[in-house]
2 protein chains.
Amino acid sequence: MTVMSSIDQRVSLAVSTVIFALRPHPDSGLMTLWLPLVRRIREPYEGQWALPGGPLEAHEDLAASARSTLDRTTGLAPNYLEQLYAFGNVDRSPGDRVVSIVYWALVRQDEVARAVDGENVEWFVADDLPPLAFDHTAIVDYALARLRAKITYTPIAHAFLPPEFTLADLRAVHEAVLRTTLDPANFRRQALATKTLVPTGTCLQGTSHRPPALYRFEAGATSPAPEEQR
Amino acid sequence: MTVMSSIDQRVSLAVSTVIFALRPHPDSGLMTLWLPLVRRIREPYEGQWALPGGPLEAHEDLAASARSTLDRTTGLAPNYLEQLYAFGNVDRSPGDRVVSIVYWALVRQDEVARAVDGENVEWFVADDLPPLAFDHTAIVDYALARLRAKITYTPIAHAFLPPEFTLADLRAVHEAVLRTTLDPANFRRQALATKTLVPTGTCLQGTSHRPPALYRFEAGATSPAPEEQR
DNA sequence: TGACCTTAAAGTCACCCCAACCTTAAGTCA
DNA sequence: TGACTTAAGGTTGGGGTGACTTTAAGGTCA
C-alpha cells in the first residue's frame, strides 16, 4: 500500500509483529525466548533478517493484519496480541518512507506448525539476534522490555502455557522470560494472591515426587488495548 | 495524504493529539483537566468537535507532526509528548479509511496563546465533553486513563508546572488529575523519595502562612518512548 | 520394607512501604 | 499577643515481600 502525499512523496503503511515463544536454549538447555524472523528477498536490506509483516490491506483491521502475518509465519493464532508502537521516523527506511505499526504476540512453541519453519522463516534466540534490517533491532529490544515489564504485573504468562499447568510451570515461564531464578514459595504466594488462578482440583501424576496441583487461568484475565477489546 | 492499496481502495494516515492542560473548573473552581477540540468544517461529522490533528506530511516524523498540530492549536511546544496508540479499524471512519496515530501532550494553561483560541478551536473540561466525531471519545478516554495511570508512577506532573514550584503545587496537580485529595504529609514523603525533586534552597514568599520551600525537577527525568528519545 | 531422594505446600520472621494521624515550625492578620 | 493557616517532620499499625524453615507426598533403590 503506497501513500501519495500532497507533494507526491510516497509513504507505505505496514504492520509487523514481534512473535515470542519459549524453547530450550541450544547451548544451556534452559528455557529461553525465541522469535521468528523472515529473510528479505528484496532491496533494501536484501538477504538480511527482518520482522515478519507486510503492507496493511485496506480491508483489514490493524490487529487482523498482525494475525494474518502470525498465521503465515507460524501457522497459528496468537494466545496474546497487543499493539506495541507505531514507528514512523522519516529516515527509518532508505527509499520510500514506511510507517510500521508493530504488534507483539505470544504463542506456544509446541503449537507452531513445523511446515512453515522452512524457506525464509527461521527462529532465533531473542537475546542473541543477528543484525536486523531497518530499525528492527531497536523494535525487538522495545518489545522485549515491554514483555518483561508486563509479565511482572499482568497474567500474560498463561499465553505460553497449556490450559492446565502447575505452579512450577508458571514459575518456569517467568524465570525464562526474566532470566532469573525465583523463590518457589514466594512465587506461589504472590501468584495465588492475584486471584487469576483457579485450582482444577486435580494433581499432575507421574512425577517422581509429591504431585503438584494443576491450575487454570481465570477466563478473561487479559485486557491489552482499546481496539482489541471486543 | 492518501494511500492507494493494491485493490485501489484509499487509506489515509493521520496524526492526532490529545492535549491536556489544567484550568479551574467553571462551576466548582477546582483545578480540572481541559483539552482543546477543533470543530469540523467538512463531512463526515461536519460541525462536530474532534481532536486536533491532520494528515501526516511525508517529510515529517510522527512526533513532529504532533508537535506542529500542537503549535497550530495552542501556539506552543509541549512540555510532554508521548505516542498513545494507533487507531486503525476499518469502520472507524465513514468513507475512506483513516489510520490515526494518536499522541498525548501536556502543556501549561498559562502558556497557551490566547490568539489561537478562537474560530474553530475551543477548550473543554476533559471529563465532560460533547459528543465527538469518529471514535474520538474512546480515544480521549484512553488518553485520560493513561495520564492518570502514568502520573502515579512517573514524574510527568512537572509538565503542568513552572520550573520552580512548591510541594503543594505538585500535589495540587496530582489531585486535579486524579480527582482526589491526597494527604499532604504522605505525598511529601513519597514525592521526595523519588529523588527527582531538587530543592532550590529558596522559599516562596508572600503567603499568609509558613513559607514553603521551592523545588525544581531533576533534568532528564522523563523517558516516554523509543523514537522520541533523542 | 525402609532409608533417601525430590519437589510441593505451608509457615515463620524481619524488613520496608504506606495510610492515617499527630506535633511542631513559621509565617500573616486582626 | 493570640488566632489562623499551611509547611514540615515524626509516630504508629497493617500489608506485602524476600529469605528461610518445616512438613507433606510421592517415587526410587538397596
Side-chain angles (χ1 to χ4, degrees), chain A residues 24 29-31 148-155 157-158 161-162 164-217, chain B residues 24 29-31 148-155 157-158 161-162 164-217:
Chain A
L30 295 171
M31 276 302 224
R148 286 177 171 138
K150 201 143 190 177
I151 203 174
T152 63
Y153 62 88
T154 56
H158 80 282
L161 291 170
E164 297 194 357
F165 52 88
T166 67
L167 282 173
D169 295 333
L170 183 62
R171 180 166 48 89
V173 169
H174 282 252
E175 290 180 337
V177 169
L178 298 174
R179 294 182 296 183
T180 37
T181 57
L182 300 169
D183 183 272
N186 293 334
F187 180 82
R188 155 186 310 274
R189 183 161 30 93
Q190 101 182 44
L192 294 178
T194 63
K195 308 285 184 188
T196 57
L197 292 179
V198 182
T200 64
T202 59
C203 288
L204 180 64
Q205 304 296 337
T207 58
S208 71
H209 54 273
R210 173 171 176 174
L214 286 172
Y215 291 86
R216 192 186 296 278
F217 260 97
Chain B
L30 294 171
M31 276 302 223
R148 287 178 172 138
K150 201 145 191 176
I151 204 175
T152 63
Y153 63 88
T154 58
H158 80 282
L161 291 170
E164 298 195 357
F165 52 88
T166 68
L167 282 173
D169 295 334
L170 183 63
R171 180 166 49 88
V173 169
H174 282 251
E175 289 181 336
V177 169
L178 299 174
R179 294 181 296 181
T180 37
T181 57
L182 300 169
D183 183 273
N186 294 334
F187 180 82
R188 155 188 309 276
R189 181 165 31 83
Q190 98 184 45
L192 295 178
T194 62
K195 308 285 184 189
T196 56
L197 291 179
V198 182
T200 64
T202 58
C203 288
L204 179 65
Q205 304 296 340
T207 59
S208 73
H209 55 275
R210 175 173 175 173
L214 287 172
Y215 291 86
R216 191 185 296 277
F217 259 95

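Only heavy atoms go into these numbers, but all of them, side chains included; no hydrogens, no water, no symmetry mates. Convention: sequence-line order gives letters A, B, ...; per-chain numbering from 1.
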Subject >> Test log, rule side chain to side chain contact (heavy atoms under 4.5 Å, CB included), inputs A:Thr196 and A:Phe217 >> reply: CA-CA 6 Å; A:Thr196 57; A:Phe217 260 97; 3.7 Å; yes
Distance-minimising heavy-atom pair for [X] and [Y]:
X	Y	answer
A:Cys203	A:Ala213	SG-CA, 3.9 Å
B:His174	B:Leu182	CB-CD1, 3.7 Å
A:Pro211	A:Leu204	CB-O, 3.2 Å
B:Gly29	B:Pro24	O-CB, 3.6 Å
A:Ala191	A:Thr194	O-OG1, 2.6 Å

In whole angstroms, how far is the [atom2] atom of [N] from the [atom1] atom of [X]?
X	N	atom1	atom2	result
A:Arg188	C:dT7	CZ	P	14 Å
B:Phe187	D:dA7	CZ	C1'	14 Å
B:Leu167	D:dT5	CG	P	21 Å
B:Leu214	C:dA26	CG	C1'	15 Å

Original post:
Are B:Pro212 and B:Thr207 close enough that some pair of their side-chain heavy atoms sits under 4.5 Å apart?
Top reply: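 Result yes, sub-4.5 Å side-chain heavy-atom pair found.
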**OP:** Quick one: do A:Phe187 and A:Leu170 satisfy side chain to side chain contact (heavy atoms under 4.5 Å, CB included)? Show the steps, please.
**Re:** CA-CA 9 Å; A:Phe187 180 82; A:Leu170 183 62; 3.8 Å; yes
Subject >> Derivation of the side chain to side chain contact (heavy atoms under 4.5 Å, CB included) call for A:Tyr215 and A:Thr202 >> reply: CA-CA 8 Å; A:Tyr215 291 86; A:Thr202 59; over 6 Å; no
Original post:
Residues from residues 198-212 of chain B sitting under 4.0 Å of DNA chain C, heavy atoms only?
Top reply: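 Only B:Thr207, B:Ser208, B:His209, B:Arg210, B:Pro211 qualify.
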**OP:** Five pairs at each end of the helix from C:dT1-D:dA30 to C:dA30-D:dT1: take the axis at both ends and give me the angle between them to 10°.
**Re:**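 Rounded value for the end-axis angle: 20°.
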Subject >> Under 4.0 Å protein heavy-atom contacts per nucleotide of nucleotides 14-19 of chain C, with B for base, S for backbone only and - for none >> reply: ----BB
Original post:
Quick one: OG1 on B:Thr152 to CD on B:Gln190, what's the gap to the nearest 0.5 Å?
Top reply: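 CD of B:Gln190 is found 9.0 Å from OG1 of B:Thr152.
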Original post:
Considering heavy-atom distances to DNA chain D, does B:Asp183 or A:Ala185 have its closest nucleotide positioned more toward the 5' end?
Top reply: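 Its nearest nucleotide being more 5', the pick is B:Asp183.
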**OP:** Before giving the answer on side chain to side chain contact (heavy atoms under 4.5 Å, CB included), spell out for A:Arg148 and A:Arg179 the whole-Å C-alpha distance, their side-chain angles and the decisive distance to 0.1 Å.
**Re:** CA-CA 10 Å; A:Arg148 286 177 171 138; A:Arg179 294 182 296 183; 3.3 Å; yes
